[in-house]
Amino acid sequence: MSAYLLNRVGQALFVLWAAFTISFVLLQAMPGDAILIKFQNPDLGLTAQQVAEIRASYAADSPVFVQYAHTIGKFLTGNFGYSVQAGVPVSSLLAAHLPATLKLATLGFLLASVLAILIAFLSSLTPFASLRGALQSVPSLFISIPTFWLGIMLIQIFSFRLKLVPVINPGPWQELILPVITLAVPISAPLAQVLVRHIDDVMTRPFVGVARAKGANRQWILWRHVAKNALLPTLTIAGVLFGELIAGAVVTETVFGLNGIGGLTERAVGSQDAAVLQAIVVLSALAFVIINLIVDLLFPVLDPRLRTKIGAAA
Amino acid sequence: MTTKLKRLALTLAMLAATSLAHPGARAEGTAEPAKGGTLIYLEQQAHTNLYPPAGGFYPNGGILNQITDKLTYQNPKTLEIEPWIAESWTVNADATEYTFKIRPGVTFSDGTPLDAAAVAKNYDVFGLGNRALKHPVSEVINNYERSEVVDPLTVKFYFKKPSPGFLQGTSVIGSGLVAASTLALPFEELGDATKIIGSGPFVVESETIGKELKLKAREEYNWGPVKLEHQGRAYLDGITYIITGEDSVRIGALLAGQADFIRQVQAYDEGQVEAQDYQIYAPSTRGVNNSVVFRPDNPLVADVKVRQALLHATDTKEIVTTLFSANYPQATSIIASSALGYKDISAKLAFDPEKAKALLDEAGWLVGSNGLRQKDGKELVLTAYESLPQPQNKETLQLVAQQWGKVGVKLNVLAGDSGSKTVDDLDPLKTPVSPAMVGRADPDVIKSQYYPKNRDVLRQKGGLSDKVQSFVDDKLNGLLEALASEPNREKRLAIAGEIQDYVVDQAYAIPIFEEPQAYAGARYVQGVAFEAVGRPSFYSTWLAEH
């Protein structure tokens with residue numbers, strides 16, 4: 001078990017380093033940089049010489065290797081540097097933006113899971129083939145809806161027309177209702193699809209036939225025998241979907257004007273604020289690694305067969 | 001029966017009242033301003049930096065205009081300079097020495113006095129910059145040499161050369177006065193609004209970066225511009241700025257009653273706003289018009305005939321009528337008709353495609369087999385990047401491209417990421433054509449726009465870019481320098497007129513329309529004022545019952 005864990009932590013560290021390095025290289029390869037974008041702005045009326053002086057004061061034109069070593073050294077000590085665009089330390093930007101995204105992502109994921117389970121179970125339990133077909137095509141519909149369009153439509157209908165929830169100056173929980181729905185819809189689609197697929201799969205297994213022969217009804221079989229087996233692959237997908245969650249948050253937060261990591265990313269990309277982007281990439285990679293680690297560790301808890309295997313290896 | 005009659009009378013009275021109240025904004029002075037309330041203001045973009053000279057960027061200026069005072073006040077109607085923090089001033093004959101008498105009793109919100117020493121400190125930074133703290137020089141201050149504190153309430157400024165635009169420069173958004181503690185901070189920390197200490201009618205209460213900014217009224221404020229009717233503290237208790245990037249959400253929120261006032265309303269949205277009886281405000285920016293400029297260092301547009309041809313191939317009327325509204329008047333010079341020093345040169349800007357074709361033929365650019373003009377095996381294909389802050393700039397450029405296409409010239413319009421754009425924009429070979437505009441209610445604005453040491457829109461050698469090979473226009477630069485240092489007002493305005501003629505004769509720029517800043521507000525938002533170039537001032541704003 002401990003060898004397994006060590007192996008996984010090693011992998012995680014490699015992923016983090018790779019994410020850092022690749023994003024560093026990509027950001028360096030882009031034309032221009034944050035300092036140029038900010039200070040070459042004609043509204044500031046800086047001369048070429050003044051811009052050059054500012055660049056020198058940031059050491060913006062020192063060799064790439066020096067900058068790389070410098071940045072990674074600072075990251076290792078937990079110093080993410082300064083945001084050129086916002087003029088504040090990156091760490092305080094992250095501290096200000098992270099809570100909103102965590103709330104949004106967690107609630108969005110929970111709602112997505114509920115939606116997925118509802119779709120899968122209802123479609124599996126319904127006795128009518130036509131209804132079943134309709135329910136099973138819901139995920140295809142959900143995944144085809146563009147997030148920004150859904151967000152704007154929800155705002156137009158529920159906030160502006162029906163006046164149920166304000167989008168300007170909402171309460172702390174009110175502000176989450178529409179964004180959470182917006183985020184949950186596209187995330188629920190792959191979850192539901194995988195769940196439906198595996199419920200169908202497990203339903204054809206011999207032990208289900210045995211249970212049925214013993215007189216169990218469909219509902220009993222689904223809850224007692226099928227659900228647990230069908231959940232395992234869904235859990236794997238859930239871990240992978242974390243990436244989707246972040247991508248969805250960028251759009252959702254921008255549409256709703258939420259102050260989260262997504263909105264921060266969007267602005268940082270626009271201004272090529274490398275320090276902020278690097279911190280976000282590394283942070284996302286970290287979250288990704290941790291979530292997938294948790295998913296892997298949950299497997300043996302849910303499935304006794306995997307438990308013995310790991311036990312034997314340790 | 002009597003009740004019925006009463007009801008009828010009441011109904012009639014209400015009808016009369018509503019129909020009278022309809023002309024809305026003009027009913028301002030009639031009612032007694034109500035005190036209290038918080039204005040919900042939706043801003044399209046977050047502020048970037050609140051160093052006062054960075055106030056040219058609208059989101060920055062929209063905040064600075066509430067939290068800082070200026071030495072002088074430019075009356076937005078007459079454009080005259082009136083007293084504000086300075087009670088009076090004197091200027092010597094050749095505009096190299098300015099002496100200001102400071103109003104007593106003014107304090108910054110941290111309690112420190114706004115006296116001659118504080119003013120001197122501000123202008124030393126704005127006029128000379130601060131290298132150690134990376135504070136740039138303000139573009140509105142020319143030829144600044146030094147300050148002198150004559151007595152606690154008298155400050156004198158000395159200039160190396162005449163600086164006739166300085167008095168107006170003390171009234172602009174970029175000249176807000178801030179406390180010594182603010183000026184002691186490095187430039188990059190000035191993005192934090194809570195650190196900006198001014199003497200204005202509002203102070204920053206709290207800030208959530210990139211999302212929300214709360215201002216509250218300063219109770220003891222009693223030093224607004226003396227000629228304003230309203231004195232004392234602001235009527236509003238506070239202002240909440242909320243960043244709402246989506247156009248449809250900003251307008252929807254206003255119409256749904258979730259916000260009181262919004263910035264940036266596109267021309268195509270004006271109809272639905274006015275249809276629901278909300279008010280559009282479109283103050284002119286009174287500066288250099290929204291234009292397309294050329295970079296003559298690029299050989300394709302080095303020939304004046306080519307530029308003139310493209311000027312005459314551009315149908316600005318079509319652009320204004322198809323993309324914009326009555327709030328965007330067709331340009332009649334390179335500066336707005338409401339700008340100081342304006343000269344009507346619309347005769348030189350006529351749309352004339354036949355003349356355009358003839359000029360291109362003369363210049364040796366002949367139509368090739370693919371319909372594009374060619375010369376020495378090269379095609380006349382130009383490139384421009386769209387400018388995001390300018391209204392519908394992409395659509396404008398695309399329409400220009402269609403119009404130029406009719407005379408055989410191709411214009412590629414690129415969106416590009418901000419990095420590529422910033423880099424390519426410095427290279428005339430990559431961007432022979434560029435959109436441009438800038439607002440300021442003084443003829444100096446023309447210098448800001450064209451002078452190589454300022455915005456350098458034409459990209460001259462020795463200016464902003466080191467990629468320029470050889471293009472320099474000494475005549476233009478000489479005129480611009482004269483404009484910035486001619487102390488005689490009549491002569492100065494004459495020079496401004498001469499420059500307008502020269503720029504259009506050389507076809508360096510194709511002015512398209514006079515750019516307003518478009519805002520929308522609910523009818524109950526009363527007394528909204530705008531400084532001379534269109535930033536809102538909420539000092540006298542109040543919320544009627546609604």
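A quick note: this is a predicted structure, and the numbers were derived from the prediction, not measured. In what follows, every chain begins at residue 1, and chains take the letters A, B, ... in the order their sequences are listed.
For A:Phe256, no part lies under 4.5 angstrom from a heavy atom of chain B. In this structure, chain B has no heavy atom under 4.5 Å from any part of A:Ser83. Within the 4.5 angstrom heavy-atom criterion, atoms from both the backbone and the side chain of A:Ile37 approach chain B. For A:Ile155, the part lying near chain B is the side chain, with the backbone staying farther off; criterion is any non-hydrogen pair under 4.5 Å.
Below 4.5 Å, heavy atoms of chain B meet heavy atoms from A:Leu93, A:His97, all part of residues 92-105 of chain A.
Here the side chains of A:Gln156 and B:Ser248 are in contact, with some heavy-atom distance below 4.5 Å. Proximity of A:Asn169 to B:Glu212: side-chain heavy atoms (C-beta onward) are separated by under 4.5 Å at one or more points.
The choice from A:Asp33, A:Val269, A:Ile152 that makes the most heavy-atom pairs within less than 4.5 Å of chain B is A:Ile152.
Remark: the A:Gln272 side chain and the B:Ser418 side chain contain no N/O donor-acceptor pair separated by less than 3.5 Å.
Going from atom OG1 of B:Thr48 over to atom CZ of A:Arg267 covers 12.0 Å, rounded to the nearest 0.5 Å. For the atom pair B:Leu426 CG and A:Leu36 CG, the distance stands at 6.5 Å (nearest 0.5 Å).
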field: A:Thr254 vs B:Glu246, side-chain contact (heavy atoms from CB on, under 4.5 Å): CA-CA, chis, key distance, verdict
entry: CA-CA 8 Å; A:Thr254 309; B:Glu246 263 296 315; 6.0 Å; no

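Remark: of the listed residues B:Thr240, B:Asp260, B:Ile40, B:Ile40 is the sole one forming a side chain to side chain contact (heavy atoms under 4.5 Å, CB included) with A:Ile168.
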